[in-house]
Structures are given as structure tokens and as C-alpha cells.
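Counting begins at 1 with the first residue of the sequence.
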Amino acid sequence: MRRATKILVSTLFGAGALVAGVRLSSASTFSNSSNDDDERHAGPDSARVAMMLDAVGRADPLVCELIADQLGNFWYGHERSGIGRLSDAKTSLDAAKDSIGGRVSEPRAIQRLTTELANPNACVRRVASKMLGHSAITNERIGALLADASPVVREAAALTAGVAERHELTTALVNALGDRSPAVAAMSAWALGETEDRAAFSALVKSARSGEIRSRAAAIWALGQLEDDRAVPVVLPALGDADAGIRAIAAEVLGKFENAESVLPIERLLARDTDASVRVAAAEALGELSAPTSAAALGRALEDSDVRVRRSAASALADLDDLHTAPPELVKALSSPDKVLRRRAAHALCEISDPATVQALIGLLDDPDAELRKNAIESLGNIGNPAAVSGLSRALNDKDPQVRKAAVEALGEMKKD
């Protein structure tokens with residue numbers, strides 16, 4: 001996707017976007033102005049900024065959003081010798097593409113980007129905001145934009161502040177949490193999460209407990225970004241929120257914290273919530289928390305009515321710490337008509353290495369996935385059950401050398417025992 005989008009950008013710019021003198025180097029991405037590699041590359045001048053904004057403004061909305069998504073994911077330099085590129089692709093556009101990934105420093109370019117924060121096209125505003133966040137714009141100027149009379153500009157300015165990730169803007173963003181526009185408040189909460197500044201903790205707690213749905217959701221997400229354990233008792237009640245999106249975000253955030261207090265409430269959410277997306281988030285969170293006591297709840301979720309939940313539950317079981325007994329539903333999942341679920345269940349069985357699942361693991365030795373065969377062999381070796389010797393001996397003739405090597409090692413370990 002990233003490479004395809006860069007081609008779209010080149011198409012929109014056209015040959016007239018070229019300028020000389022942009023030095024190319026090895027692959028790199030940018031995320032904020034502290035990236036040393038960005039500082040070594042000239043950013044776009046005002047002419048290229050204008051061309052970029054005009055082009056995305058004229059583009060199909062889907063194309064514009066795809067480009068906006070990929071801003072920040074550029075790397076520098078063209079593929080060596082044209083490998084992986086169509087033979088008639090124009091390499092002369094490389095310098096133009098590279099400049100878009102550089103830090104914008106020309107005052108006129110910054111001014112154009114600032115003006116576009118009021119553009120009626122939301123995608124153009126987003127592109128301008130992201131580029132402005134990766135520019136030499138001053139903190140004072142961003143602060144002034146956060147206080148602009150237009151809520152559209154204030155929201156875009158908050159996006160800029162989040163992309164810039166400058167702690168110096170924390171106070172201004174905290175103040176913006178109380179903005180009369182819910183959109184501005186929500187974007188400011190997101191921006192505070194991006195800065196990861198714990199000085200915003202108390203303000204985010206207040207926003208997480210009150211206000212419009214989008215603002216509360218953004219504040220809860222931001223609390224997760226701060227990685228402050230004090231957030232757990234704040235976020236836990238959100239598991240019972242009336243809004244499914246907030247419940248899902250709350251589960252995701254709680255999964256980031258290694259706090260046993262969250263395990264049982266999230267297990268209940270997995271079992272009882274009526275929204276499948278929330279149950280998916282709950283299963284994934286339990287995998288993050290890695291409590292072996294969640295095995296039973298995740299095992300029951302393997303029979304959920306929604307395949308996404310079943311898949312997430314299987315993946316989570318593979319992540320539980322010190323789990324040595326596989327839920328019976330996991331073996332049953334090996335017979336599922338869903339290929340993805342079968343793969344994830346098999347991977348979980350290999351991770352758990354339950355002696356009671358030896359026959360199921362032996363069955364995996366005929367799986368077309370070489371990595372899965374190798375994992376099953378390693379698990380059988382760990383278990384050390386003599387019943388696996390025949391299957392492991394067959395694996396000595398496997399077509400994959402890594403599988404054969406694993407079989408030799410597993411049989412060697414069993415002989416030692």
C-alpha cells in the first residue's frame with residue numbers, strides 16, 4: 001500500500017514537480033521533527049506544497065484519503081537499480097517524492113499550509129495538518145491556531161500539534177479539551193495521547209468521565225498512551241458504557257496495563273457483550289494481559305457466533321503465560337471450516353504443549369504450512385511422549401530442511417529423557 005500510494009502521489013504531481021539538489025540516501029521514515037534523518041533532507045518548498053495541496057484537492061476523495069493516510073510513511077531514495085519497479089516508471093520523480101518526506105522549513109510553505117487548515121475539503125485539511133506538524137512552525141503559532149475563531153481551524157491545529165508531538169503544547173491542548181466544539185476537544189485529547197505527556201493525566205481523566213462520546217473515547221485512548229497505571233480504575237467503568245465503541249477502546253487500553261484487576265471484568269465483557277467488535281477487543285486484551293486463568297473464558301469464546309471473535313480468542317490463547325492445559329475447544333477448532341481459525345488454533349496448541357493434545361499435534365505434522373509443522377515438532381519434543389516418535393521419525397524425511405532439523409533435535413531430546 002505504501003509503495004502504491006507513492007506512485008499515486010507522483011502521478012498527481014506530474015513531471016513539473018521536480019527540483020534539483022535533493023540528496024538521496026538509504027531508506028528512512030519520518031514521524032516527527034526529532035527524526036535525525038529528516039533533518040538531513042530538504043523539505044518541500046512553497047511551490048511543491050501548493051502543488052501537493054492543489055492536487056489532492058482535485059483528486060477523487062478516496063485517492064486523497066489514501067495519500068493522507070500514507071503521509072509520514074515515506075522513505076528516502078529510489079529502489080536500487082529499479083528492482084521491483086515497472087520498467088517504464090520515471091525515476092526522475094524520486095527527488096520530488098523524497099522532498100515531501102522532509103521537514104518543511106520555508107516560511108511561505110508554512111504559511112500556505114496554515115491557510116489550508118480552513119479548507120472546506122476535510123482531506124486537504126488533514127494533509128495540510130500532517131505536513132504542518134512536520135514543519136518548522138513555532139509552538140506559539142500552533143497555540144494561536146488552537147485559539148482561532150473557526151472550530152474547523154482549531155480541530156486541524158490540534159491534529160498538527162499531535163503530529164508534531166511537542167510537549168511544549170501540552171498546556172494549550174489541555175485547555176482545548178474544554179473547547180465548545182466536541183470535534184476540537186476530541187482531537188486535542190488524541191494529540192495529548194500522541195505527546196505521551198503525563199502532565200495531561202488529570203485533564204484527560206476529567207474528559208474520559210464526561211462530555212461527548214467522541215471526546216470521551218479519545219481521552220480514554222490517550223490515557224492508554226500515557227502508560228500510567230493510575231488510568232486503570234478510571235478506564236474500568238467504561239467497560240460498561242452504553243456506547244460500544246467506548247467499551248471496545250476501554251478493553252484495548254486496559255490490555256496495555258499488566259494489571260490483574262482488569263482480567264475478570266474483561267472476561268465478563270467477552271462472555272456477555274452483545275457487540276461482536278467489543279468481544280473481539282476483549283479477547284485481544286486478554287491476550288495482552290496474558291493471565292493463564294483466562295484460558296476457560298477464551299476457550300468458550302472459540303464457539304462464539306462471530307468468526308472474528310473465534311479467531312481473536314485462538315490468538316489470545318497462544319499468548320497466555322505459563323498455560324499448560326489447552327481448553328478442549330481449542331482441539332475442536334482444528335476441525336473448523338475456517339482456515340484462519342484452524343491455523344491460529346494450531347499455533348496456540350503448539351505454544352501450550354499440553355500432553356493431552358499429543359495426537360492433535362501429531363496430526364499437524366501433515367499440515368502444508370512448514371512453520372506450523374516445525375512448531376508442532378518442537379512442542380512434541382517438549383512434551384516427550386513416546387507416542388510421538390513415529391510421527392517425528394516420518395518428519396525426518398520432510399521436504400523442508402528446518403522441519404527435518406527440528407525433528408532430529410526433538411528425537412534427540414526424547415532419547416536423553
Side-chain angles (χ1 to χ4, degrees), residues 266-267 269-288 290-400 402-404 406-407 410 414:
I266 296 179
E267 288 178 2
L269 192 71
L270 175 61
R272 302 173 185 174
D273 203 280
T274 58
D275 189 289
S277 296
V278 176
R279 299 197 300 277
V280 167
E284 292 173 350
L286 291 174
E288 291 286 335
S290 303
T293 52
S294 295
L298 289 167
R300 290 189 291 271
L302 287 171
E303 298 183 334
D304 192 276
S305 59
D306 192 288
V307 68
R308 296 172 298 163
V309 179
R310 300 195 293 273
R311 291 173 176 176
S312 296
S315 295
L317 281 164
D319 293 331
L320 302 188
D321 293 334
D322 301 319
L323 179 63
H324 305 296
T325 302
E329 297 91 347
L330 197 56
V331 175
K332 184 178 177 181
L334 292 177
S335 302
S336 169
D338 179 63
K339 180 179 179 179
V340 175
L341 177 58
R342 292 199 307 273
R343 286 282 186 271
R344 295 187 184 187
H347 174 66
L349 282 175
C350 293
E351 290 295 312
I352 296 169
S353 298
D354 181 356
T357 64
V358 166
Q359 290 305 318
L361 290 168
I362 291 174
L364 297 178
L365 299 182
D366 294 320
D367 193 275
D369 186 334
E371 185 66 22
L372 188 55
R373 298 197 302 275
K374 176 175 171 289
N375 291 343
I377 288 170
E378 291 172 350
S379 294
L380 290 167
N382 291 335
I383 294 171
N385 191 314
V389 171
S390 177
L392 291 174
S393 297
R394 280 192 295 110
L396 293 174
N397 297 315
D398 193 278
K399 60 184 179 181
D400 188 282
Q402 294 302 316
V403 174
R404 296 197 299 270
M414 292 178 69

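- Look at D338 and R311 and you find a salt bridge, because one of the NZ, NE, NH1 or NH2 atoms lies within 4.0 Å of a carboxylate O, short of that distance.
- Pairs engaging residues 312-335 under the salt bridge (charged side-chain N to carboxylate O under 4.0 Å, His left out) rule: E303-K332 [sequence neighbours left out].
- Atom CD1 of I362 is separated from atom OG of S390 by 7.5 Å, given to the nearest 0.5 angstrom.
- Partners of D398 under the salt bridge (charged side-chain N to carboxylate O under 4.0 Å, His left out) rule, at least two apart in sequence or in another chain, are R373.
- Note that the CZ atom of R343 and the CG atom of L364 stand 9.0 Å from one another [nearest 0.5 Å].
- Under the 4.5 Å side-chain criterion, counting only non-hydrogen atoms from C-beta, L330 is not in contact with L298.
- Listed by chain and residue number, D366 satisfy the salt bridge (charged side-chain N to carboxylate O under 4.0 Å, His left out) test with R394 (two or more places apart in sequence, or in another chain).
- Counting all heavy atoms, side chain and backbone alike, A283 lies closest to A316 at O-CB, 3.3 Å.
- Under a 3.5 Å cut-off, the side chain of S290 and the backbone N or O of E288 do form a donor-acceptor pair.
- Sorted by first and then second residue, the salt bridge (charged side-chain N to carboxylate O under 4.0 Å, His left out) pairs involving residues 374-384 (not counting sequence neighbours) are K374-E378.
- Rounding to the nearest 0.5 angstrom, the gap separating the CG atom in L380 from the CD atom in Q359 is 9.5 Å.
- Between A313 and A301 the shortest heavy-atom distance is CB-CB, 3.7 Å.
- Scanning for side chain to side chain contact (heavy atoms under 4.5 Å, CB included) contacts around T293 gives V263, E267, A291, with sequence neighbours left out.
- Closest of all the heavy-atom pairs between A326 and I352 is N-CG2, 3.9 Å.
- Residues R308 and S277 form a side-chain contact, since some pair of their non-hydrogen atoms from C-beta on lies under 4.5 Å apart.
- Atom-to-atom distance recorded for L334:CG and T357:OG1 is 9.0 Å, nearest 0.5 angstrom.
- To the nearest 0.5 Å, atom CG of residue L361 and atom CG of residue L372 are 9.5 Å apart.
- R310 is listed as a side-chain neighbour of V307, based on a closest heavy-atom distance under 4.5 Å.
- No option in D304, V278, L286 other than L286 meets the side chain to side chain contact (heavy atoms under 4.5 Å, CB included) test with L270.
- Annotation: side chain to side chain donor-acceptor pair (under 3.5 Å) contacts of N375 (sequence neighbours excluded): none.
- In this structure, S305 and R279 have side chains that are in contact, with non-hydrogen atoms separated by less than 4.5 Å.
- Counting heavy atoms from C-beta outward, R404 and L396 have side chains that stay 4.5 Å or more apart.
- By the 4.5 Å heavy-atom criterion applied to side chains, L302 and L341 are counted as neighbours.
- Nearest heavy-atom pair across R342 and S335 is CD-C, 4.5 Å.
- Across I383 and D354, no two heavy atoms sit closer than the pair CD1-O, 3.5 Å.
- A distance of 12.0 Å separates CZ of R344 from CG of L317, quoted to the nearest 0.5 Å.
- Taking all atoms of both residues into account, the shortest heavy-atom contact from D369 to D367 is N-OD1, 2.8 Å.
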